[in-house]
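Fair warning: this is a prediction, and the values are worked out from it, not measured in the lab. Worth knowing before you read on, the calculation uses all heavy atoms, side chains too, and leaves out hydrogens, waters and symmetry mates.
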Amino acid sequence: MRIRRTHVLAAGMAVVASAVVAVGTGLGFAETAPARQSVCQGSVTFSAEGGGPAATSDRFAVGTRLRVTNLDNGRAVTVVVTGPSGSCVLLNAAAMELVREPGKNVVRRNVVERLDGGGTPAQPGGVPAQPGGGRPAQPDAQPTGTTATPARQSVCQGSVTFSAEGGGPAATSDRFAVGTRLRVTNLDNGRAVTVVVTGPSGSCVLLNAAAMELVREPGRNVVRRNVVEVLR
């Protein structure tokens, strides 16, 4: 008799538990909402562009509305693409200020959503990235003041900017494999730096702090007129 009562009690508890889960799921308590899909991969960074919150892009047309959410602090900003750049989405200073954490110039964990009903963006131009591998060679910087050779073809379009990554001169990329050697030349001052791609980002080429320091002009966080070359 005791055994039968125990089974009946256990069965009753199981039914109640199932009902609670079913109700909780219906109200949104039992499971979290599915992860949103981002139309851009890699970190989001910014340029020194002024004005109200806006962005530039290498794959979305001018006028496209994007929402960028920082998953580390829950902050989000809606921006309109105002022109081309070398990134899937490159925020201007005002937009970055609304989403970044204090002292950080890059948003690593993010979701970028297209708000005007568009689907997955077209793949950016340039050399497609192959699976990464191999050990990166040590980067080398070209001497300050070296004059750039005119009319060279760049493998990246738009401005070149940087992240807060430390270490020696290096870069990340959304299309070049780890270990690829790139030379970035600032056409406004003739300075150049050779870097090795160390990982993925949301840009054709995203320099780290040390690499940008070797090519940028004082007080500028973006290189607008540039040539990016793949070194064989």
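For residues 89-98, the salt bridge (charged side-chain N to carboxylate O under 4.0 Å, His left out) pairs, not counting sequence neighbours, are Glu97-Arg100.
Taking Arg65 as the reference, nothing meets the side-chain hydrogen bond (donor to acceptor under 3.5 Å, both in side chains) condition, with sequence neighbours excluded.
Within the 4.5 Å cutoff, the side chain of Gln157 has no heavy atoms near those of the Pro84 side chain. Taking 4.5 Å as the limit, every side-chain heavy atom of Val106 sits out of range of all side-chain heavy atoms of Phe162. By the 4.5 Å heavy-atom criterion applied to side chains, Val223 and Met212 are counted as neighbours. Inter-residue side-chain proximity for Pro53 and Leu98 is flagged as met; some heavy-atom pair is nearer than 4.5 Å.
Within the model, atoms OG of Ser47 and CG of Asn221 stand 8.5 Å from one another, a figure rounded to the nearest 0.5 Å.
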Side chains of residues 74-81: which donor-acceptor pairs under 3.5 Å do they make with residues two or more places apart or in other chains?
none

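When the options Leu90, Thr172, Val160 are evaluated for a side-chain contact (heavy atoms from CB on, under 4.5 Å) with Leu206, the one that passes is Thr172. Of the candidates Val184, Leu182, Val205, Asp58, Val205 is the only one forming a side-chain contact (heavy atoms from CB on, under 4.5 Å) with Cys156.
Ion pairing between a basic and an acidic side chain is recognised when a charged N comes within 4.0 Å of a carboxylate O; Glu165 and Arg108 show such pairing.
Val62 and Phe60 fall into different hydrophobic clusters, where Ile, Leu, Val, Met, Phe, Trp and Tyr are joined by side-chain heavy atoms under 4.5 Å apart, directly or via other members.
Across all their heavy atoms, Ala210 and Gly168 have their closest contact at CB-C, 3.9 Å. Scanning both residues, Thr185 and Glu229, for their nearest heavy atoms gives OG1-OE1, 4.4 Å. When all heavy atoms of Ala211 and Ala170 are compared, the pair lying nearest together is CB-O, 3.7 Å.
Between the side chain of Asn92 and the backbone N or O of Gly50 there is at least one donor-acceptor pair closer than 3.5 Å.
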